[in-house]
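Data block below; observations after.
Below, read A as the first sequence line, B as the second, and so on, with proteins coming before strands; counting in each chain starts at 1. Because the structure is a prediction, the values reported are computed rather than measured.
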Amino acid sequence: MRRAKDFVRHLPDSTEHLKKTESFWRIVHIDPLMLIGLAMLTAFGLIILYSAGGQSAYLMKRQIVFFAIAYIVMFGVAQVNLDFVRRWSVWLYLLGIVLLIGVILFGVGAKGAQRWISLGFFRFQPSEILKIAVPLTVAAYFSARVLPPKIPHVVVCLAIVTIPAVLIFVQPDMGTALMVAVSGLIGLFLAGLRWRYIGFSLLLIAAASWPMWNFVMHDYQKQRVLTLLDPEVDIHGSGWNIIQSKTAIGSGGVDGKGWLQGTQSQLDFLPESHTDFIIAVLAEEFGLKGVVLLLTIYLFIIFRGLFIAIAAQTTFSRLLAGSVTMTFFVYVFVNIGMVAGLLPIVGVPLPLVSLGGTSLVTLMLGFGLLMAIATEKKRVSVNL
Amino acid sequence: MFRLRIGMSIVTILALVGILFYRFYDLQIVNYQAYVTASDRNRIHVRPIPPKRGLIYDRNGVLLAENKPSYTLTITKERVKDLAETLDKIGELVELNQSDRDRFYKALKRARRPYEPVPLRFKLTEQEISRIAVNEYELKGIQVSAQLVRHYPHKELFAHTTGYVGRINSKELSQFTEEDLWRYGGTHSIGKIGLEKYYEADLIGTPGEEQVETNAHGRLIRVLDRQDPVPGKDLHLHIDIELQKTAVNALGENRGAVVAIDVESGGVVAMVSAPSFDPNLFVTGISYQDYSALNGSHDLPLFNRTVQGQYPPGSTLKPMLGLGALEQNTVTPEWTIRDPGFYQVANSERIYRDWKRWGHGNNVDLRQAIEESCDTYFYDLAIRMGIDVMHPVGARFGLGELTGIDIPNEREGLWPSRAWKRGARGLPWFPGDSLNVSIGQGFVLTTPLQLAVMTATLASRGDRKKPQLVERVGDSEVLPWLESFYVADVEHWDYVFLSMQGVVHATRGTAKGISEGINYKIAGKTGTAQVVGIAQGEEYDREAIDERNRDHALFVAFAPVNEPEIAIAIIVENGESGSGAAAPIARKMFDTWFVIQGSSYMPTPEDAELSQVEVVE
């Protein structure tokens, strides 16, 4: 019973209701500004995807269904008691780890990498679970510790981050591994990790990069880094993607070639145009104006998320909101930077715009948690 | 503490977004033009549109060379990921032998423009086209294109005249200028021999251009701009297909050559070199077996005897030399010799025999000497005339020099002179050399075309015109061209004409056999030429050697005598007898010619007059 009480939040008492005029949004546990941001992004994203996906009705339907599921998940998660989430996060994390090991043992392959677990009727990537489980676990871990963290706690936190990252890296899926690691490290940073530790780690990373390059990274991963440095080396091979995406972006100019009019994307010169390289389609067809609009929507969502983090009452909520939001930003930055030729090509989709079901659901799950944090405040203040 | 960290995060976010914005600013504003160019270069390609090659017609408008659609499988290398794998896949759909592959890789090495399709297989069948169409989705960069391919509907009949086109080879390509490369951008063939080569510049036309948009897989999306090609100019020949057929049929299985010239214009109305070959074999590339069969044949089908074959002309020179002698007063119509059947040069032991062992009688005049082809008379004439007088006469009739006909690879034969012998052989001119020249033997070599020109020059009473196959190039007429002329008294011309008429129509004429049932007058001269110095392959058996060592049979003629229209030269290799093997061919051709020219030939008063003269004699 206690658990059931925990799980569904108490509806506000009638007296409370009289005391403070509860807004509709607070009742449904939704942050309206964040919802507006997400809605704008969803709409804009679907417009771009329609063009990028070759105007395929099938793709659109599929993506709309995924969005519907993702929004339902978000609304559902927004209703969940955060205390419950905090207590259960470690179990989610452990489940994720078990599944990752399962992937290594019984995984299904695609393009030479084992990333999927098949449950007969559907298959999914366990690494998606870790994208949310790692920041949750880090936040939960530090919520019960004195901050800024001391060295043993930092070490535990690093273990929480490193174990799944390594398991994902060996699939191999460098992009997701990095993202999972970053989401946890952001939590560590927000928890107030001391600067001297940060400086020391940076030195360590610099020192580790040489053995990483020589003994750990796969050839195709190295190739991506080399390609970034000089795409002309291999015009028809790995350099092709980056050359074509830069050409698409550049030829869009300020105003763009017009919706559905991008020659690079419509004539198939741009690879992966509906997934990882979708922003090149936007840049080509809507020009710099479209890019600025998209960046503005992203910044709006991110700043709203950071505001929610600052306004959050508990350490857990704060850390969680902060790392979910910052991770979201990192996705945006890495994807756009990669398409624009600033970063190596790691398989990171543009959040909420690229085609893809699982990542949509995972992201919206994160936003559901943000919604929950945003509307949690009232309850806390009442309990005081 | 937490707020500070969030604040630092915001600063980081703004800085990173700033970097992103700067990157897009740099790509989309600063380098905008460069990327617009790059994206256009991706999708827009300029494709040459090959012009339609000019057609070739005979004088009646019968097509001798046309263009037929043929389907070609081409590959755009830049669109294909794995070439070998794609070729294997194609090999499962259409027949693809090793030579196709070799040729393709060769062509690939000299790919002329980026994204230009390179042909892999020619002459696809309907079935092959549909098999490719069905599997098109997995074959990127593959195209089936319709092209016009040269076709020679009459096959062997005109092979040596029209020549043929063939695929541009690396040697030709290496000699191409920038402009040629553009001109031949969409064309795979070029004139190799014959008229196709000589008139290449007129026939090829000017290519058009097409700006097309293609997607990343090389598939055509739309045509953005098009500039139509200008078709090549058509050639209208003097050649008459019926006359040509008559000559070929009359030659039958024999090796030989026939050239007929329109006396008035110098136009070549028939040109036959036998045996011939099918020029269509060469158009899209001849197979090794076919080529070695043609090239290895001892009948030399690829050899154009009319302009490249150099034969001793034999007695066919006699009318011309007789005319020269009359003009020089070396002989007169009244002058006669006694012919014992041989001739002996003064102060010499050597005896030169007449072809007739007992001679032609005691009072042989020039006319009889021509009619009966008396060698002794001409031995005597040659000695008294001398090479220095004989040589200029022959030169006026075009011997020893290129005729200037409008097909390539002509040879000039040999019309010897004192100076030539000193230069080429380092020897003085002996009287015996003159004797040999007078009967068209010894050093003398002529091509059948030269003999036809000589005969036409006689027929036109001295006007030597450049022989010309083409009458019209597109809309512009090729005018007759007078090369030189020979001036002689009218009486002398008449005398020689009558003598030549006697060859056919007189009772003792060497070619009297062809005058049966004739209603017009032919002036002709027979000839036989000894086969000298033809290299014989060792694989021949004796009988074959014997056959090939027989004399060549020659006949030159024009008709009608009083108003000559057409002059013919015929050589039948190893035909032995000019009257038996060569002259009947001329008769058939004259008959055909006059049928073509409007019913059978009607004698005119002048004709009657000439006949009377004959009767008086």
Side-chain angles (χ1 to χ4, degrees), chain A residues 147-148 186 189-193 236 240 243-257 262-264 266-271 279 283-284 287-289 291-292 295-296 298-299 302-303 306-307 309-310 312 315 318-319 321-322 325-326 329-330 332-333 336-337 339-342, chain B residues 1-45 76-83 114-115 137 140-141 212-222 224:
Chain A
L147 297 181
I186 286 170
F189 170 78
L190 292 175
L193 181 68
H236 288 292
W240 171 263
I243 290 173
Q244 294 305 333
S245 81
K246 278 165 72 179
T247 304
I249 295 167
S251 64
V254 179
D255 298 318
K257 296 175 184 170
T263 56
Q264 286 288 104
Q266 303 301 331
L267 299 177
D268 288 353
F269 290 105
L270 185 66
I279 187 152
E284 187 186 22
L288 187 58
K289 289 176 180 171
V291 174
V292 169
L295 287 177
T296 308
Y298 274 129
L299 282 181
I302 289 158
F303 286 155
L306 293 180
F307 176 80
I310 290 170
T315 305
R318 256 183 270 165
L319 289 179
T325 307
M326 284 304 290
F329 168 73
V330 172
V332 173
F333 178 76
I336 297 178
V339 176
L342 290 172
Chain B
M1 184 66 193
F2 180 71
R3 278 170 189 248
L4 182 66
R5 289 283 157 120
I6 291 289
M8 281 159 54
S9 303
I10 288 173
V11 172
T12 312
I13 288 169
L14 288 177
L16 292 180
V17 168
I19 289 173
L20 287 183
F21 177 79
Y22 176 75
R23 179 64 173 178
F24 279 86
Y25 169 84
D26 184 58
L27 290 174
Q28 299 193 289
I29 293 178
V30 179
N31 291 308
Y32 172 64
Q33 273 310 330
Y35 286 114
V36 165
T37 310
S39 92
D40 284 347
R41 207 170 41 222
N42 263 345
R43 71 189 175 101
I44 298 174
H45 300 286
T76 307
K77 183 188 148 205
E78 286 82 353
R79 308 291 192 204
V80 178
K81 278 223 166 127
D82 186 342
L83 207 53
Y115 292 96
Y137 64 94
K140 281 177 181 169
V212 295
E213 182 176 73
T214 57
N215 68 10
H217 318 298
R219 201 134 297 164
L220 180 79
I221 304 298
R222 62 196 160 122
L224 303 171

Atom pair [atom1] ([X]) and [atom2] ([Y]), whose distance is rounded to the nearest 0.5 Å:
X	Y	atom1	atom2	result
B:Asp40	A:Gln264	CG	CD	9.5 Å
B:Ile44	A:Thr263	CD1	OG1	8.0 Å
A:Asp268	B:Arg43	CG	CZ	14.0 Å
A:Leu288	B:Tyr32	CG	OH	12.0 Å
A:Leu306	B:Arg3	CG	CZ	12.5 Å
A:Ile302	B:Ile10	CD1	CD1	10.5 Å

* Asked: Can you find a heavy atom in the side chain of B:Thr12 that is under 4.5 Å from one in the side chain of A:Phe329?
  -> no

* Asked: Do A:Ile249 and B:Gln28 come within less than 4.5 Å of each other through their side chains, counting heavy atoms only?
  -> yes

Chain B heavy atoms under 4.5 Å from [X]: which part of the residue, side chain, backbone, both or neither?
X	answer
A:Leu270	neither
A:Phe303	side chain
A:Leu147	neither
A:Val291	side chain
A:Gln244	side chain

Ignoring hydrogens, what is the shortest heavy-atom contact between [X] and [Y]? Give both atom names and the distance.
X	Y	value
A:Leu267	B:Thr214	CD1-O, 3.7 Å
A:Ala309	B:Ile6	CB-CD1, 4.3 Å
B:Ser39	A:Lys257	OG-NZ, 3.4 Å
B:Ser9	A:Phe189	OG-CE2, 3.8 Å

* To do: Report the option among B:Val36, B:Val17, B:Ile13 that has the most heavy-atom pairs separated by less than 4.5 Å from atoms of chain A.
  => B:Ile13

* Where on B:Gln33 is there a heavy atom nearer than 4.5 Å to chain A: the side chain, the backbone, both, or neither? -> neither

* **B:Leu4 versus chain A, the contacting section by heavy-atom distance below 4.5 Å** => neither

* **Sole residue of A:Leu295, A:Val292, A:Ile336 in side chain to side chain contact (heavy atoms under 4.5 Å, CB included) with B:Phe24** => A:Ile336

* Check step by step if side-chain contact (heavy atoms from CB on, under 4.5 Å) holds for A:Thr315 and B:Phe2. => CA-CA 9 Å; A:Thr315 305; B:Phe2 180 71; over 6 Å; no

* Looking at A:Ile310, A:Leu319, A:Val332, which makes the most heavy-atom pairs under 4.5 Å with chain B? -> A:Ile310

